[in-house]
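Heads up, the thing below is written out as structure tokens.
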Protein chains: 2
Amino acid sequence: MSANSRMSLAVHILTWLAYDRRGTDKETATSQRIATSVNTNPVVIRRSLGRLKDHGLVTIDHGKGGGWSLARDAASITLLDVYCASSDDPVFGLHASDPDAECYVGYGIQPVLTRIYDRATEALRQSLAQDTIADVLRETVAVYAAGDHPPPQPRVSS
Amino acid sequence: MSANSRMSLAVHILTWLAYDRRGTDKETATSQRIATSVNTNPVVIRRSLGRLKDHGLVTIDHGKGGGWSLARDAASITLLDVYCASSDDPVFGLHASDPDAECYVGYGIQPVLTRIYDRATEALRQSLAQDTIADVLRETVAVYAAGDHPPPQPRVSS
DNA sequence: TTGTGCTGTATCTGTTCTTGTTACAGTTGT
DNA sequence: ACAACTGTAACAAGAACAGATACAGCACAA
């Protein structure tokens, strides 16, 4: 919902791939299997994976038996990378309709807002840059290990 | 547009009121006059002002000849205050549909995301807290003074 | 070369959110 | 009582989004 659930979706996918890579049986990583974990439609996953591929975060092996995998080590993919790949829209938007240019405030406020928004957005980005997909995977597994999980099975997906 | 143009609207309104307060002729600050500067409908302004009033940033004098004014000094209203009054929605949203709890990643990822999002959002908020409406007004007037403004009149609005 | 399995993308639907607008009752000073 | 403005409901139009179906395209295997 709200603003940016695409970010959560992308992090989920990448974390899933990072976990999947550790396995040895190597069932192919298809959009269908990922969709089961995220609990949504495979097309939604493919749309997100397409963006991640365009930003060089994942690769795809086409053809029968192919599948998705991380293009780089999970420890080198920061959440800022994911954020950049997930959203084109700025956090803050300017006025829906252009202000009255004949007014002191209406004339001058937009560049001021832009400066303030840019700085705040940069602070947000710096914070996101501090975590990697490897961190998320480690913490996520820890949450699983600590919790009283409803199901007893320790496999990635169904 | 995009995410949060309500923030820009609220900053514009408060800056306008901060400027208006400096005047001596004291034409009443009505939603109609503010709407002219923002170039929108008075009801849109009233909706925003209602939220700002609920957060204690502005006050209203009802009745004939009444009008809006800042509840506090412009230098004491930070953009974080405005942000809090403008938006209930978080910057980042979690998954649209709950992930599969039978999956390692699906089970454990949401609290991890929440922690990361909270930290990033806090960085954004700290950045916004560094500017006040008084700062915005000063810089906005400077932009006006520096520019080659289309109209020659130096009055607030029409 | 044919078959298989998966991707990439177009398209449609239902939902939600937002802006802009009209309308009108409520409030308050003159 | 009147004038002036607010607060809010209601509505239309538009954008954005998730979810879903459908199908052509691609690459490997046999």
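Residue numbers start from 1 in every chain, and the chains themselves are labelled A, B, ... in the order their sequence lines are given, proteins ahead of strands.
What separates CD1 of A/Ile45 from P of C/dG8 is a distance of 13 Å, to the nearest Å. Atom pair B/Arg46:CZ and C/dT21:C1' shows a separation of 11 Å (rounding to whole Å applied). Remark: P of D/dA10 and CG of B/Asn41 are 18 Å apart, rounded to the nearest angstrom. The distance between atom CG of B/Asp61 and atom P of C/dG29, rounded to the nearest whole Å, is 8 Å. A/Gln32 has its CD atom 11 Å from the P atom of D/dT21, to the nearest Å. Here D/dC28 presents its C1' atom at 13 Å from CD1 of A/Ile60, a figure rounded to the nearest Å. In this structure, CD1 of A/Ile34 is placed 12 Å from C1' of C/dC6, rounded to the nearest angstrom. Atom pair B/Asp54:CG and D/dT8:C1' shows a separation of 13 Å (rounding to whole Å applied).
For A/Ser31, taking side-chain heavy atoms from C-beta onward, the closest of the listed nucleotides D/dA20, C/dT7, D/dG7 is C/dT7. Taking the side chain of B/Val43 as heavy atoms from C-beta on, and the options C/dT18, C/dT22, D/dT6, the nearest nucleotide is C/dT22. Between C/dT18, C/dA23, C/dG20, one nucleotide has an atom nearer to the side chain of B/Val44 than all others, and that is C/dG20. Taking the side chain of B/Lys53 as heavy atoms from C-beta on, and the options D/dG7, C/dG8, D/dA10, the nearest nucleotide is D/dG7. The nucleotide whose nearest atom lies closest to any side-chain atom of B/His62 is, among D/dT6, D/dA9, C/dT19, D/dT6.
Formation of a donor-acceptor pair under 3.5 Å by the A/Asp81 side chain with backbone atoms of A/Thr78 is found in this model. Side chain of A/Thr114 to main chain of A/Gln110: a donor-acceptor pair is present (N/O by atom type, distance under 3.5 Å, no hydrogens or angles).
Checking the phosphate oxygens (OP1, OP2) of C/dT18, a side-chain nitrogen or oxygen of B/Arg6 falls inside 4.0 Å. Side-chain nitrogen and oxygen atoms of A/Thr30 include none within less than 4.0 Å of the OP1 or OP2 phosphate oxygen of C/dC6. Of the side-chain N and O atoms in B/Thr28, none sit less than 4.0 angstrom from OP1 or OP2 of D/dA4. The shortest distance between the side-chain N/O atoms of B/Trp68 and the OP1/OP2 oxygens of D/dT6 is below 4.0 Å.
Taking the six-membered ring where the residue is Trp, A/Tyr83 and B/Phe92 present perpendicular rings, their angle passing 60° and hence far from 30°.
Summary of the strand contacts: B/Gly50 and A/Asn39 both lie near DNA chain D, and taking for each the nucleotide with the nearest heavy atom, the more 5' one is attributed to B/Gly50.
Under the 4.5 Å side-chain heavy-atom criterion for Ile, Leu, Val, Met, Phe, Trp and Tyr, A/Val43 and A/Leu52 are members of distinct hydrophobic clusters.
Using a 4.0 Å cut-off between charged side-chain N and carboxylate O, A/Asp118 and A/Arg115 make no salt bridge.
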